**Student:** 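Please find one structure pasted underneath; my questions will follow.
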Amino acid sequence: MQRIRLRYTKRGRLRFTSHRDFQRAFERALRRAEVPMAYSAGFTPHPKVSYANAAPTGTGSEAEYLEIALTAPRDPEILRVLLDESMPAGLDVVEAVEARTSGLADRLTASVWELRLDGVDPADAGRAVEAFTGADAVEVQRMTKNGIRTFDARPAVVSLETHGSPADRPTDRPCAILRLVVRHVTPAVRPDDVLSGLRAVADLAPPVPAAVTRLAQGLLDEETGTVTDPLAPDREAAEAPKAVPAAAATASTPEGPA
C-alpha cells in the first residue's frame, strides 16, 4: 500500500468552505481522477483519507495537509495534477510527496498566520501588539457547545508582530498586517482568540472582520521560533541514496590480475 501526502490551499471565497464540504469535494475529485484508493473495512467502507488540523471555516490557508492510501503505486506529481484539475479553483492541490516517514500529524505543532486588519492604523496595531506580548496573561472567552469558556491565550503565542500596511491599499484607507506564530495546544488558540485578546488588552477593534490566512504549519523550532516544512523529511528520504548491500558491491567489483 502506497501513502501519499498532499498540501492544499483554501483561497478567495473558498475560505468559507467547511471541512465537511472540502471532504465531499475531495472524494469527488478522487473518483474523477480514478485514484486507486484503499478503503476501510466494515459495512460502510470509505476512502482511507487522513486529515490533519484543518483551518477553521472562514479562514484562508496556504498550508492544509492530508494523507491518502492507495492500493497501487502512482507518481505523486502526476497524481497531484490530476487531483488539482478535479478540484474547484481555490481548493488547490499544490504539493504531493510519497510518505516515507511516520507521524505527519505529530509534525504539525504550530502555525503561522497573517491577520489583515482593514480600517486599523498600523501604529495603533503596533501599540496593541506591544500590550499583548508584554502581558503575563491574556484571558479570552469562547462560546462552546457547553457554554462560554474562559482561557489564557498568551502562552500559546510564540510571536506576534506588525508588518506595516500592504502596498495594494490606497494611502487614505488604513490597513494593518499582523504576523502570528501560535503553538497547537489544548484548548486550541485560534487567530480569533488573539484578536479578542488584542481587544481585551488594548481596545483594538477592527471596524470590519479581519481577513485571516494560514501561511504555514509544521514543527516549531523552539530556538528560532520558526515553523518548518512538515513534508521535508519525506522529500529528504526520497532523495537519499539507497544503500548498496555489501555482497552486491563485492560482486560488482572487477577482480584484479592473479
Side-chain angles (χ1 to χ4, degrees), residues 10 15-16 18-19 51-65 103-165 174-230:
K10 289 173 61 180
R15 69 184 185 277
F16 296 107
S18 70
H19 184 55
Y51 299 93
N53 196 39
T57 302
T59 63
S61 181
E62 295 295 315
E64 301 297 288
Y65 294 92
L104 173 63
D106 294 336
R107 295 201 292 269
L108 303 179
T109 62
S111 289
V112 182
W113 296 93
E114 182 180 272
L115 286 63
R116 183 174 177 132
L117 310 180
D118 282 298
V120 174
D121 187 272
D124 294 336
R127 286 189 287 270
V129 165
E130 288 180 2
F132 186 102
T133 56
D136 293 328
V138 179
E139 288 195 348
V140 299
Q141 293 183 330
R142 182 195 301 161
M143 178 61 73
T144 70
K145 62 181 180 180
N146 297 320
I148 295 178
R149 181 173 188 176
T150 302
F151 59 95
D152 183 6
R154 182 63 188 89
V157 176
V158 178
S159 63
L160 177 61
E161 302 173 340
T162 57
H163 276 247
S165 181
C175 179
I177 299 293
L178 304 184
R179 189 68 58 85
L180 167 69
V181 178
V182 61
R183 291 184 181 87
H184 298 168
V185 296
T186 303
V189 174
R190 304 168 182 168
D192 282 351
D193 300 320
V194 175
L195 290 171
S196 296
L198 291 170
R199 186 182 306 112
V201 300
D203 199 27
L204 183 72
V208 296
V212 179
T213 303
R214 174 148 58 191
L215 302 180
Q217 65 170 321
L219 191 66
L220 177 65
D221 186 326
E222 295 288 351
E223 292 185 0
T224 64
T226 59
V227 175
T228 61
D229 182 357

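Keep in mind the model is a prediction, meaning the values are calculated, not measured. All values below were derived from every heavy atom in this structure, side-chain atoms included, with hydrogens, water molecules and symmetry-related copies excluded. FYI, the numbering just counts along the sequence from 1.
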**Student:** Where is the tightest heavy-atom contact between Ala52 and Gln217, given as atom of each residue plus distance?
**Tutor:** O-NE2, 4.2 Å
**Student:** Just verifying a value: how many Å separate Tyr65 OH and Leu108 CG, rounded to the nearest 0.5 Å?
**Tutor:** 7.5 Å
**Student:** Using a 4.5 Å cut-off on heavy atoms from C-beta on, say whether the side chain of Val120 contacts that of Pro207.
**Tutor:** yes
**Student:** Is the backbone of Ser159 close enough, under 3.5 Å, to the side chain of Arg179 for a donor and an acceptor to pair up by distance?
**Tutor:** no
**Student:** With side chain to side chain contact (heavy atoms under 4.5 Å, CB included) as the criterion, how do Val194 and Leu178 come out once you've worked through the C-alpha distance, each side chain's angles and the decisive distance to 0.1 Å?
**Tutor:** CA-CA 11 Å; Val194 175; Leu178 304 184; over 6 Å; no
**Student:** Answer yes or no: is there a donor N or O on one side and an acceptor on the other, between the side chain of Arg107 and the main chain of Pro230, under 3.5 Å?
**Tutor:** yes
**Student:** What pair of heavy atoms forms the shortest contact from Ala156 to Val185, and how long is it?
**Tutor:** CB-CG2, 3.8 Å
**Student:** Applying ring-ring contact (aromatic ring centres under 6.0 Å, His included), can you list everything that pairs with His184, at least two apart in sequence or on another chain?
**Tutor:** none
**Student:** Mind checking the CG-OG spacing from Leu204 to Ser196? Nearest 0.5 Å is all I need.
**Tutor:** 11.0 Å
**Student:** Does the pair Thr150 and Gln141 meet the rule for a side chain to side chain contact (heavy atoms under 4.5 Å, CB included), with working shown?
**Tutor:** CA-CA 4 Å; Thr150 302; Gln141 293 183 330; 3.4 Å; yes
**Student:** Partners of Asp121 by side-chain hydrogen bond (donor to acceptor under 3.5 Å, both in side chains), sequence neighbours excluded?
**Tutor:** none
**Student:** Taking the side chain as everything from C-beta on, heavy atoms only, tell me whether Val227 gets closer than 4.5 Å to Val158.
**Tutor:** no
**Student:** Over all heavy atoms of both residues, which pair between Ser18 and Thr57 is shortest? Give the atoms and the distance, please.
**Tutor:** CA-OG1, 3.5 Å
**Student:** For the backbone of Ala63 and the side chain of Ser61, can you confirm whether one donor and one acceptor N or O come within less than 3.5 Å of each other?
**Tutor:** yes
**Student:** Could you walk me through whether Glu64 and Arg214 pass the side chain to side chain contact (heavy atoms under 4.5 Å, CB included) test, one step at a time?
**Tutor:** CA-CA 9 Å; Glu64 301 297 288; Arg214 174 148 58 191; 2.8 Å; yes
**Student:** With rounding to the nearest 0.5 Å, note down the distance linking CG in Leu180 to CG in Leu198.
**Tutor:** 9.0 Å
**Student:** Would you name the heavy atoms of Cys175 and Arg116 that are closest together and state the gap between them?
**Tutor:** SG-CG, 3.7 Å
**Student:** Examine distances only and state if a side-chain atom of Thr228 and a backbone atom of Leu219 form a donor-acceptor pair shorter than 3.5 Å.
**Tutor:** yes
**Student:** Report, one line per pair, each donor and acceptor closer than 3.5 Å where one atom sits in a side chain of residues 125-140; sequence neighbours left out.
**Tutor:**
{"unit_1": "Arg127", "atom_1": "NH2", "unit_2": "Asp124", "atom_2": "OD1", "d": "2.2"}
{"unit_1": "Thr133", "atom_1": "OG1", "unit_2": "Val129", "atom_2": "O", "d": "2.9"}
{"unit_1": "Thr133", "atom_1": "OG1", "unit_2": "Glu130", "atom_2": "O", "d": "3.4"}

**Student:** Not counting sequence neighbours, which residues clear side-chain hydrogen bond (donor to acceptor under 3.5 Å, both in side chains) with Glu62? List them please.
**Tutor:** Arg11
**Student:** Assess whether side chain to side chain contact (heavy atoms under 4.5 Å, CB included) is satisfied between Arg183 and Glu222, documenting all intermediate values.
**Tutor:** CA-CA 10 Å; Arg183 291 184 181 87; Glu222 295 288 351; 3.2 Å; yes
**Student:** The criterion is salt bridge (charged side-chain N to carboxylate O under 4.0 Å, His left out); which residues satisfy it with Asp221, sequence neighbours excluded?
**Tutor:** none
**Student:** Under the rule for ring-ring contact (aromatic ring centres under 6.0 Å, His included), what residues qualify as partners of Phe16, not counting sequence neighbours?
**Tutor:** none
**Student:** Rounded to the nearest 0.5 Å, what separates atom CG in Asp192 from atom CH2 in Trp113?
**Tutor:** 9.0 Å
**Student:** If you round to the nearest 0.5 Å, how far is OG1 of Thr162 from CD1 of Ile177?
**Tutor:** 10.5 Å
